[in-house]
There are 2 protein chains.
Amino acid sequence: MKQEKMDSILDTARRMFGRYGMQKTSLHEIARMARVAKATIYNYFGSKDQVYLEVLNREVNDIIEKMSAIVDQEKAPAEKLRVFLHAKFRYMKDAINILNLGREGIDNLLPKAGSIRDRLFSKEVSILHSILEKGVAEGIFYVSNIMLTARAIGYALRGFETTWLLKENDSEIEKHLDNLSDILCKGILARRKAT
Amino acid sequence: MKQEKMDSILDTARRMFGRYGMQKTSLHEIARMARVAKATIYNYFGSKDQVYLEVLNREVNDIIEKMSAIVDQEKAPAEKLRVFLHAKFRYMKDAINILNLGREGIDNLLPKAGSIRDRLFSKEVSILHSILEKGVAEGIFYVSNIMLTARAIGYALRGFETTWLLKENDSEIEKHLDNLSDILCKGILARRKAT
DNA sequence: ATTAGACTATTATTGTTTTTTAGTCCAAAC
DNA sequence: GTTTGGACTAAAAAACAATAATAGTCTAAT
């Protein structure tokens, strides 16, 4: 069982799933594109669902890694928050077919997919938490309960996902995000004169 | 053109649309149930779309009125916020078929439906604004920019609509709402010790 | 002004046939 | 002993055709 073949399969599957979605991609195609026998895929993964779950898992890890990296690059908490928002929606839009946000009820058929996405959500909240924490420590943010606020923002963002990613175009989303970033900051930033 | 007939048509249409959705209700049925000739409906409204828009418009007015009334009944801003959230989701769930939240892309075919729903959104923001304003005036809330915060909460709620109303059951939603209410208040309430 | 009903052109629905695809198996090749 | 190509089956999806339902119009009667 060579890691090389395994990666080739998963990379190919990721590309195909990303382009056509899990439903519209056949294992036969994946096998052909990955230059591997279909039987090999079944040898490794046992089922198409398992291949998908593996791809989804990797994708989520990827997104988490990239988001974390981008947030780490920034110093100022407010800026961290801003780039986090942009990164999150940017990467999620890229992976929209893999994450399967378009179709409803993939989680019904594949409960494990739901728990993988939950991992992404948890990580987002944890990133938000660390941003808020840093902001409060520096006296930039005024937040009474960091954990609750992080979860609140996380929930709100989760809501936005389906609303924004599917319908609106990129520039529209960017506008919304900057707006939201402003709102969050001006709602959170300590000691500004009330309007 | 008697108002009586008009109301009968719209009331019947509202009941049918609410039960089966706009798509699954035929004008023939509406006419039969409203004890009116189909031609009369076309005389009054010109098209099925127009009937739907009229019903939607009335429904939105209804929801706005009920939400406002419930919020007005409460004294404490925090309590106003809580009952507002519950009322909003309660009434929207009741009107889920009329508002056409389930199906995607009704707004694409009927742009006017979108603008009617926008009216509902604006009103929600305006209610939130007045709640926040009162809270700040009383020193209960600490909000740096009332308008921006009201819109932020409004946006978040809009995101939750599709996420919650469609999938989750009532008691689950209630739980989420109480949670959200808590989060909002503890994030907004002035001068609590940070956790 | 309103009605019942006939009428048409689209649009949904239904049922049937064909094709595709997930998954298995195996004999040959590496 | 792992991998491969291909043959195979059962189930799902797509394509198609036939049928029914429906939005919208028109008319003669009330």
Side-chain angles (χ1 to χ4, degrees), chain A residues 1-56 97-98 100 102-106 108-113, chain B residues 1-56 97-98 100 102-106 108-113:
Chain A
M1 191 186 263
K2 290 183 179 173
Q3 191 66 29
E4 187 195 326
K5 271 195 195 308
M6 194 124 175
D7 286 344
S8 164
I9 293 169
L10 286 175
D11 285 348
T12 307
R14 188 189 148 285
R15 244 182 308 123
M16 310 279 280
F17 288 159
R19 191 141 193 73
Y20 308 108
M22 135 88 158
Q23 321 266 1
K24 297 284 185 188
T25 307
S26 73
L27 273 194
H28 183 74
E29 286 178 292
I30 295 177
R32 194 162 49 78
M33 295 292 286
R35 299 174 179 281
V36 158
K38 196 172 57 158
T40 308
I41 299 182
Y42 278 93
N43 240 6
Y44 283 169
F45 300 97
S47 76
K48 188 187 180 185
D49 285 357
Q50 199 52 44
V51 175
Y52 169 68
L53 290 176
E54 216 62 55
V55 168
L56 176 61
N97 273 328
I98 295 174
N100 225 313
R103 294 268 155 242
E104 60 167 335
I106 194 73
N108 302 349
L109 284 314
L110 274 182
K112 289 185 181 175
Chain B
M1 192 185 261
K2 291 183 180 174
Q3 192 65 30
E4 186 194 328
K5 272 195 196 306
M6 195 122 174
D7 286 344
S8 163
I9 294 169
L10 286 174
D11 285 348
T12 307
R14 188 189 149 283
R15 244 182 307 124
M16 310 278 280
F17 288 159
R19 190 141 193 74
Y20 307 108
M22 136 88 157
Q23 321 266 0
K24 297 284 184 188
T25 307
S26 75
L27 273 194
H28 183 75
E29 286 178 292
I30 295 177
R32 196 162 48 79
M33 294 291 286
R35 298 174 180 282
V36 158
K38 196 171 57 155
T40 307
I41 299 183
Y42 277 93
N43 239 6
Y44 283 170
F45 299 97
S47 76
K48 188 187 180 185
D49 285 356
Q50 201 51 44
V51 175
Y52 169 68
L53 290 176
E54 214 63 55
V55 168
L56 176 62
N97 274 327
I98 295 174
N100 224 314
R103 293 269 155 240
E104 58 168 333
I106 195 71
N108 303 349
L109 285 311
L110 275 182
K112 291 186 180 177

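On a predicted model such as this, the values are computed, not experimentally measured, just so you know. First the proteins, then the strands, lettered A, B, ... as listed; each starts at 1. Hydrogens, waters and symmetry mates play no part in the numbers below; they use all other heavy atoms, side chains included.
- The CD1 atom of A:Ile41 sits 10.5 Å away from atom NE2 of A:His28, with the distance rounded to the nearest 0.5 Å.
- B:Lys38 contributes a side-chain N or O that forms a donor-acceptor pair with the base of D:dG24 under 3.5 Å.
- At least one donor-acceptor pair closer than 3.5 Å links the side chain of A:Tyr52 to the backbone N or O of A:Ile98.
- Under the side chain to side chain donor-acceptor pair (under 3.5 Å) criterion, B:Ser26 pairs with B:Glu29, sequence neighbours left out.
- Applying the side-chain contact (heavy atoms from CB on, under 4.5 Å) criterion to A:Thr12, with sequence neighbours excluded, gives A:Ser8, A:Arg15, A:Met16, A:Ile30, A:Met33, A:Ala34.
- In this structure, the CG atom of B:Asn43 is 13 Å from the P atom of D:dC26, given to the nearest Å.
- The side chain of B:Thr40 places an N or O atom within less than 4.0 Å of a non-bridging phosphate oxygen (OP1 or OP2) of C:dT3.
- Not a single side chain to side chain donor-acceptor pair (under 3.5 Å) links A:Asp49 to another residue, sequence neighbours left out.
- The B:Leu27 side chain lies nearest to D:dA23 when the options are C:dG23, D:dA23, D:dG5.
- Put simply, CG on A:Leu110 and CG on A:Asn100 are 9.0 Å apart, with the number rounded to the nearest 0.5 Å.
- In this view, B:Gln50 satisfies the side chain to side chain donor-acceptor pair (under 3.5 Å) rule with no residue, not counting sequence neighbours.
- Here B:Tyr44 does not reach the OP1 or OP2 of C:dA1: none of its side-chain N or O atoms lies under 4.0 Å away.
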For nucleotides 11-15 of chain C, give me every protein contact, N/O to N/O, under 3.5 Å, one pair per line with atom names.
| unit_1 | atom_1 | unit_2 | atom_2 | d |
| --- | --- | --- | --- | --- |
| C:dT13 | OP1 | B:Lys24 | NZ | 2.5 |

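- Rounded to 10°, the helix from C:dA1-D:dT30 to C:dC30-D:dG1 has 40° between the axis fitted to its first five pairs and the one fitted to its last five.
- Contact of the A:Leu10 side chain with the A:Phe45 side chain is registered, since non-hydrogen atoms from C-beta on lie closer than 4.5 Å.
- Between A:Lys48 and C:dT24 there is no side-chain polar atom (N or O) within less than 4.0 angstrom of OP1 or OP2.
- The side chain of B:Tyr42 lies closest to D:dT25 when the candidates are C:dG23, D:dT4, D:dT25.
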